[in-house]
2 protein chains.
Amino acid sequence: MAAVAPRRQPTLDEVAERAGVSRSAASRVINNAPHVSRATRDAVEKAVKELGYLPNRTARALATRQTGIVALAVPDDDPQLFADPFFAQVIVGVSAALEDTDLHLLLCLASSGRGRARLTKLLQTRGVDGILLVALRGDDPLTDIVRRAGVPAVYGGRPLHFEPEWYVDSDNVGGARLATEHLIGLGRTRIVSITGQMCTEAGAARHRGYREAMVIAGLSPHGTAEGDFTEAGGAAAMKTLLDEHPDLDAVFAANDNMAAGALRVLGGSGRSVPGDVAVVGFDDLGIAERTEPPLTTVHQSIQGLGKEMTRLLIGVIAGQERSSIILPTRLVLRESA
Amino acid sequence: MAAVAPRRQPTLDEVAERAGVSRSAASRVINNAPHVSRATRDAVEKAVKELGYLPNRTARALATRQTGIVALAVPDDDPQLFADPFFAQVIVGVSAALEDTDLHLLLCLASSGRGRARLTKLLQTRGVDGILLVALRGDDPLTDIVRRAGVPAVYGGRPLHFEPEWYVDSDNVGGARLATEHLIGLGRTRIVSITGQMCTEAGAARHRGYREAMVIAGLSPHGTAEGDFTEAGGAAAMKTLLDEHPDLDAVFAANDNMAAGALRVLGGSGRSVPGDVAVVGFDDLGIAERTEPPLTTVHQSIQGLGKEMTRLLIGVIAGQERSSIILPTRLVLRESA
DNA sequence: ACGATGGCTGGGAGCGCTTCCAGCGACAGT
DNA sequence: ACTGTCGCTGGAAGCGCTCCCAGCCATCGT
């Protein structure tokens, strides 16, 4: 069994003394900087091992002005919303990217005024090296707070009406086109669109992709209803569309939740899927496999999003010249279309 | 509009100089320590405001030997498992408790060897003031790592075969008794139990509660099958029990997932719930409301768990004499029993 | 033989804060 | 007048690290 935790961690000075070298020399070895002789290196390494030395994070942070911590700010602390698997996926992605670095992840639930104040203070007191922001609405106060603090920031998804210097986003337009083209390829022509909130970038972009695909194919958009990315919203939108365009033969829903709602309503109206109406969704975050029938949808990797955001942020912190990233999406064929 | 972020944050020295006092005096004002005259206080506060001074977190941490950060270690980074709403709830609870402190939350996904190594290093390099551990199996290596590091630690739920110095746990035994007593009160006598893994404390405790209630009522346990806390496991256990005890009239499942599986199997076997068989679950984490019929279950507050763990940890870090906590559970009546 | 190079070294000055402590004047008690 | 208290003060020594820089010795070219 290893020794019990020492009361006090040894310091670099102690290591240096034991190794019979100066503190600077010891430091050089620890950081394996150049200009260290073989003998010095060996002596220091021996002392380190014997003492069980590990550099104090805080002291190093003070000297280097780098905390080794990146924050992930989540604009919602409503348990329901944070419980969305989306965030868990982002976190897993971020963690994966952090895995082979010395950086750690600080999680900030910052929706309430209180939470935001805490975050502001954290940034201004140089508590973190950079920050990751996801799922922001265009007018979220976080945008401003972060800009003011002058801390490197990477956005996941673009807020509407604001193009951050660095962001990672899924190819929403491309994905929506893919979905719509698939429906067109199936021979459908009376394709309607259930959109997300048009006041979000994703909502707007996915609808744009749908329209582009229609126009390119020489079709005119057959009908559109705005949902809110929830299943209930999707169901309501589907009802409206069914009233206005009873002849519709396909629907593109801007996410899977809404597609699930649409599926339910279509079933209720006696239409078969994909027989009478083909349906495709967007996201592929689990529910798509559990609908009846399973949903053909556009897959975007949220873990990938988190991972790329983190890599980008690390680059930015390191002062590298980096540019934003658009992540590809792909169509996943199941039974609904 | 407010000024742009200053290139460099002002330091305490600058504040002191501007206020015409010594750095110690300024520090005393900032930390509102005693022995500060009215004049000094005013002068410093004025300077602070004018300069927009905020103390540097890292420097303070080095001087006080307190990082102002607590870690939450999650033993699973499998996206599927971390996506469990359980963790989101814990995080929300923890965040709530942290809200009116100066502490921040560091999230560590520490299941892989790599993740564990990172955590070990974080603890040993004095990167955090304390750590919160949830959902540990008895033999999880984290237990050891944490003990060795000698960092204040609070457990959420007790690992089997190991009673941590500080933990917060739901009253699993009490909750299971409540559930079972309810079934008994309904006049059921042939009550079976679907357990979770008996190698977890929660699994064992909930089964114990069931048995105690049966014994107290003068009934003998009518049958037991071990599940694994998943819906599929619950379904399998239910099948087994139906084979062995076709006359059963009630089932206590150690969590809602398994209860949902049991419900499905019971429906498939032509039995009505709660008519032929009454079912009660445990957890009340969302699914319970969405089963058919909605599930009567034992409610435990996971947010409350996170909150209490955090409060306890803060106390322990502050050096207070604190003891572990058992959180009450309560029965939520829906339609399945 | 000479200076020029160049790897290695330790001293020391930070990083920005807290906190101990000696010292100060003012004021009360004798 | 002298001592003792007491509230307040600034100097200075940390906290544990990084990193610049002047200085040292060998080696090299001429």
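Letters A, B, ... are given to chains in the order of the sequence lines, protein chains preceding strands, and every chain is numbered from 1. Not measured: the values here are computed from a predicted model. These values consider heavy atoms only, across backbone and side chains, with no hydrogens, waters or symmetry-generated copies.
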About how many Å separate OG of A:Ser323 and CH2 of A:Trp166, when rounded to the nearest 0.5 Å? 10.5 Å
Could you tell me how far apart B:Asn56 (CG) and C:dT18 (C1') are, to the nearest whole angstrom? 13 Å
Any donor and acceptor pair, going by atom type alone, linking the side chain of A:Arg118 with main-chain N or O of B:Thr101 inside 3.5 Å? yes
Please state whether the phosphate of C:dT9, meaning OP1 or OP2, lies under 4.0 angstrom from any side-chain nitrogen or oxygen of A:Arg23. no
Measuring to OP1 and OP2 of C:dT18, would you say a side-chain N or O of B:Thr64 lies under 4.0 angstrom away? no
Separation of A:Gln124 atom CD from C:dG16 atom P, in whole Å? 16 Å
When the distance from NE2 of A:His35 to C1' of D:dG23 is rounded to whole Å, what number comes out? 15 Å
May I ask you to verify whether the side chain of B:Arg28 and the base of C:dT19 hold a donor-acceptor pair under 3.5 Å? no
Base, sugar-phosphate or nothing for A:Thr11? Non-hydrogen atoms, less than 4.0 Å. sugar-phosphate
Nearest-nucleotide comparison on DNA chain D, the residue closer to the 5′ end among B:Ala39 and A:Leu54: B:Ala39
Would you tell me if any nitrogen or oxygen in the side chain of A:Asn31 comes within less than 4.0 Å of OP1 or OP2 on D:dT18? yes
May I ask you to evaluate whether A:Arg41 reaches the phosphate of C:dC8, defined as a side-chain N or O under 4.0 Å from OP1 or OP2? no
In this structure, which one of A:Thr67, A:Asp102, A:Asn31 forms a side-chain hydrogen bond (donor to acceptor under 3.5 Å, both in side chains) with A:Arg60? A:Asn31
Interatomic distance, A:Asn32 CG vs D:dT18 C1' [rounded to whole Å]: 14 Å
Using a heavy-atom cut-off of under 4.0 Å over every strand shown, decide if A:Thr40 touches base, sugar-phosphate, or nothing. sugar-phosphate
In whole angstrom, give the distance that lies between atom CD of B:Glu17 and atom P of D:dG10. 13 Å
Of the listed nucleotides D:dT9, C:dG16, C:dT9, the one nearest the side chain of B:Ser37: D:dT9
Return the 5'-most residue of the pair B:Arg38, A:Leu12 with respect to DNA chain D, ranking by each residue's nearest nucleotide. B:Arg38
Both A:Arg65 and A:Val21 contact DNA chain C. Taking the nearest nucleotide for each, which residue is further toward the 5' end? A:Val21
Under 3.5 Å, side chain of A:Ser27 to main-chain N/O of A:Arg23, donor-acceptor pair present? no
Should A:Ser27 be listed as having a side-chain N or O under 4.0 Å from OP1 or OP2 of D:dT18? yes
Just the rounded figure in Å: distance from P of C:dC17 to CZ of B:Arg60. 8 Å
Length of the CG-P vector between B:Asp13 and C:dC17, whole Å: 8 Å
C:dT18 P sits how many Å from B:Arg57 CZ, rounded? 13 Å
Can you tell me which nucleotide in C:dT9, D:dG10, C:dT18 comes closest to the side chain of B:Ala25? D:dG10
Got a donor-acceptor contact below 3.5 angstrom from the B:Arg41 side chain to the B:Ala26 backbone? no
At under 4.0 Å between heavy atoms, what does A:Ser24 touch on the DNA or RNA strands: base, sugar-phosphate, or nothing? base
Can you tell me if A:Arg148 uses its side chain to pair, donor with acceptor, with the backbone of A:Thr143 under 3.5 Å? no
